[in-house]
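What follows is a set of notes on a single structure, which appears directly below.
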Number of protein chains: 2
Amino acid sequence: MNREELEAEVMDLLQHSELRMTPQRRAIVRRILTIPGHFSADDLVTALDQTQEEASRATVYRLIPVLIELGILREVEHGYDHSHYEVVRDPGHHEHLICQRCGEVIEFVCPAIEEAIVEVCQEHNFRQYQHGLEVTGLCEQCQQEADDQHLSAS
Amino acid sequence: MNREELEAEVMDLLQHSELRMTPQRRAIVRRILTIPGHFSADDLVTALDQTQEEASRATVYRLIPVLIELGILREVEHGYDHSHYEVVRDPGHHEHLICQRCGEVIEFVCPAIEEAIVEVCQEHNFRQYQHGLEVTGLCEQCQQEADDQHLSAS
DNA sequence: CACCACCTGAGACTCAATCTCATCTGGTAT
DNA sequence: ATACCAGATGAGATTGAGTCTCAGGTGGTG
């Protein structure tokens with residue numbers, strides 16, 4: 001799905017919810033869809049400030065939970081900083097490997113994990129909305145660097 | 001492993017790192033090990049304040065990342081509030097089902113997921129330190145209540 | 001085209017988390 | 001024992017992400 005189609009779909013979703021379409025909300029959605037990776041709420045505020053598009057911090061912060069509720073955004077916790085979000089682009093939910101040292105985020109998909117989660121939810125009669133798996137550790141390069149550092153220190 | 005053994009092991013870990021053993025650090029570790037479930041940094045500060053044990057907020061906040069680094073604590077994100085932590089008690093790492101409505105946290109273990117993660121890490125030459133899987137949605141009771149509400153609203 | 005429930009923005013506010021810096025101390029070397 | 005100092009501490013100031021307030025604005029329906 002390309003950006004235009006996605007934007008149309010999202011706008012449609014908003015229109016058919018009980019929400020009003022306002023220039024601010026359109027601007028926020030448009031901006032979100034042009035951000036390639038993860039972003040924080042404040043990144044959004046800053047990005048909107050820099051262009052002529054108008055949407056205040058309060059409005060941005062108010063819209064984010066709504067977009068999560070609608071399944072358009074998903075919260076991604078990096079664990080070190082404040083909240084980050086990403087656009088849900090189905091199909092293919094992905095999980096994250098996060099390097100503790102350099103902060104690199106490697107995305108991967110794993111059907112086996114998806115299936116296992118569905119089974120667990122059935123066992124517990126839990127209705128899954130979203131899930132997020134984050135594996136923290138060291139990426140290939142940082143393993144090398146960390147090991148070198150450790151050797152020279154001892 | 002009971003609490004005394006765990007405490008001894010943790011103290012040993014601290015002693016053999018480059019860290020100094022201070023009364024404050026001992027107090028914090030002892031307190032952490034007596035908390036049954038998840039806790040926030042501020043819960044810890046409050047708990048220490050209430051007893052005669054002494055450790056300032058700054059000291060608590062300074063020690064938490066160290067304990068995570070040592071693998072003694074793990075960060076658990078509830079996503080709605082500030083950071084929460086839990087003691088790593090091996091074997092049997094568990095994942096979390098989190099109810100968006102009432103906040104209940106259901107823990108579960110799933111060897112299939114653990115295995116899948118190990119495989120993915122091997123594929124990416126990633127050295128795993130920790131992982132956390134959080135599934136958000138509705139618990140059994142809240143599904144019922146949310147559905148009832150939805151019906152009466154329409 | 002009038003109406004009003006919903007939306008917005010500026011800025012005050014909250015409070016978890018971090019920083020500062022003067023003082024203290026664990027643990028090693030002497 | 002004891003002197004020494006890198007590392008640790010605490011009280012309080014500071015930061016900053018996120019929330020709240022409230023007066024005024026507006027989308028969209030009847």
Side-chain angles (χ1 to χ4, degrees), chain A residues 11-32 38-70 73 75-85 153-154, chain B residues 10-32 38-70 73 75-86 103 153:
Chain A
M11 294 298 183
D12 198 60
L13 251 175
L14 284 173
Q15 218 126 39
H16 287 82
S17 63
E18 85 279 13
L19 298 167
R20 288 193 188 156
M21 282 308 296
T22 63
Q24 291 86 347
R25 287 179 175 170
R26 270 189 285 269
I28 294 169
V29 168
R30 216 176 308 120
R31 174 60 50 169
I32 281 173
H38 306 141
F39 57 91
S40 67
D42 217 59
D43 290 343
L44 252 187
V45 174
T46 307
L48 289 165
D49 270 354
Q50 286 176 345
T51 63
Q52 302 304 345
E53 297 165 304
E54 299 196 359
S56 69
R57 178 195 326 290
T59 301
V60 169
Y61 274 96
R62 276 190 286 242
L63 190 57
I64 286 176
V66 172
L67 294 177
I68 290 175
E69 183 82 11
L70 290 174
L73 288 186
E75 196 166 4
V76 182
E77 290 292 342
H78 286 203
Y80 299 109
D81 217 42
H82 41 290
S83 293
H84 281 72
Y85 309 92
S154 57
Chain B
V10 170
M11 294 299 182
D12 198 60
L13 251 174
L14 284 174
Q15 218 125 39
H16 288 82
S17 62
E18 87 277 13
L19 299 165
R20 289 193 188 157
M21 283 309 296
T22 63
Q24 291 86 348
R25 288 180 173 169
R26 269 190 285 268
I28 293 169
V29 168
R30 217 178 305 120
R31 174 60 50 170
I32 280 173
H38 307 139
F39 56 90
S40 67
D42 216 60
D43 290 341
L44 251 187
V45 174
T46 308
L48 289 164
D49 271 355
Q50 286 176 345
T51 61
Q52 301 305 345
E53 297 165 303
E54 298 196 359
S56 70
R57 177 192 335 284
T59 301
V60 169
Y61 274 95
R62 276 190 286 242
L63 190 57
I64 285 176
V66 171
L67 294 177
I68 290 175
E69 183 82 11
L70 290 174
L73 287 186
E75 197 165 3
V76 181
E77 289 292 343
H78 287 203
Y80 299 108
D81 218 40
H82 41 290
S83 293
H84 281 73
Y85 309 91
E86 66 179 10

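Sequence lines set the chain letters: A, B, ... in the order given, protein chains first and strands last, and positions in each chain run from 1.
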Rounded to whole angstrom units, what separation is found between the CZ atom of Phe39(A) and the C1' atom of dA17(D)?
16 Å

Distance check: side-chain N/O of Gln24(A) vs OP1/OP2 of dC7(C), anything under 4.0 Å?
no

Do the side chains of Leu67(B) and Leu14(B) get nearer than 4.5 Å, heavy atoms only?
yes

About how many Å separate CG of Leu70(B) and CG of Leu13(B), when rounded to the nearest 0.5 Å?
6.0 Å

Donor-acceptor contact present, side-chain Arg25(A) to main-chain Arg20(A), <3.5 Å
yes

Between protein and nucleic acid, restricted to nucleotides 15-17 of chain C and to nitrogen or oxygen atoms under 3.5 Å apart, what atom pairs and distances do you find?
from	atom 1	to	atom 2	distance (Å)
dA17(C)	OP2	Tyr61(B)	OH	2.7

Can you list the residues that meet the side-chain contact (heavy atoms from CB on, under 4.5 Å) rule with Ala47(B), with sequence neighbours excluded?
Arg31(B)

Between protein and nucleic acid, restricted to nucleotides 27-29 of chain D and to nitrogen or oxygen atoms under 3.5 Å apart, what atom pairs and distances do you find?
from	atom 1	to	atom 2	distance (Å)
dG27(D)	O3'	Met21(A)	O	3.4
dG27(D)	N2	Arg20(A)	NH2	3.1
dG28(D)	OP1	Met21(A)	N	3.2

Who are the salt bridge (Lys or Arg N to Asp or Glu O under 4.0 Å) partners of Arg62(A), not counting sequence neighbours?
none

Atom CZ of Arg62(A) and atom P of dC7(C) are separated, to the nearest Å, by 9 Å

Within the 4.0 Å heavy-atom criterion, would you say Arg25(B) contacts the bases, only the backbone, or no part of the nucleic acid?
sugar-phosphate

For Ser40(A), enumerate each residue passing the side chain to side chain donor-acceptor pair (under 3.5 Å) test, keeping only those at least two apart in sequence or located in another chain.
Asp43(A)

Search all heavy atoms of Ala55(A) against all heavy atoms of Leu48(A) and return the closest pair with its distance.
CB-CD1, 3.9 Å

Please list, chain by chain and in numerical order, all residues satisfying side-chain contact (heavy atoms from CB on, under 4.5 Å) with Glu86(B), sequence neighbours excluded.
His38(B), Arg74(B), Val76(B), His94(B), His96(B), Glu107(B)

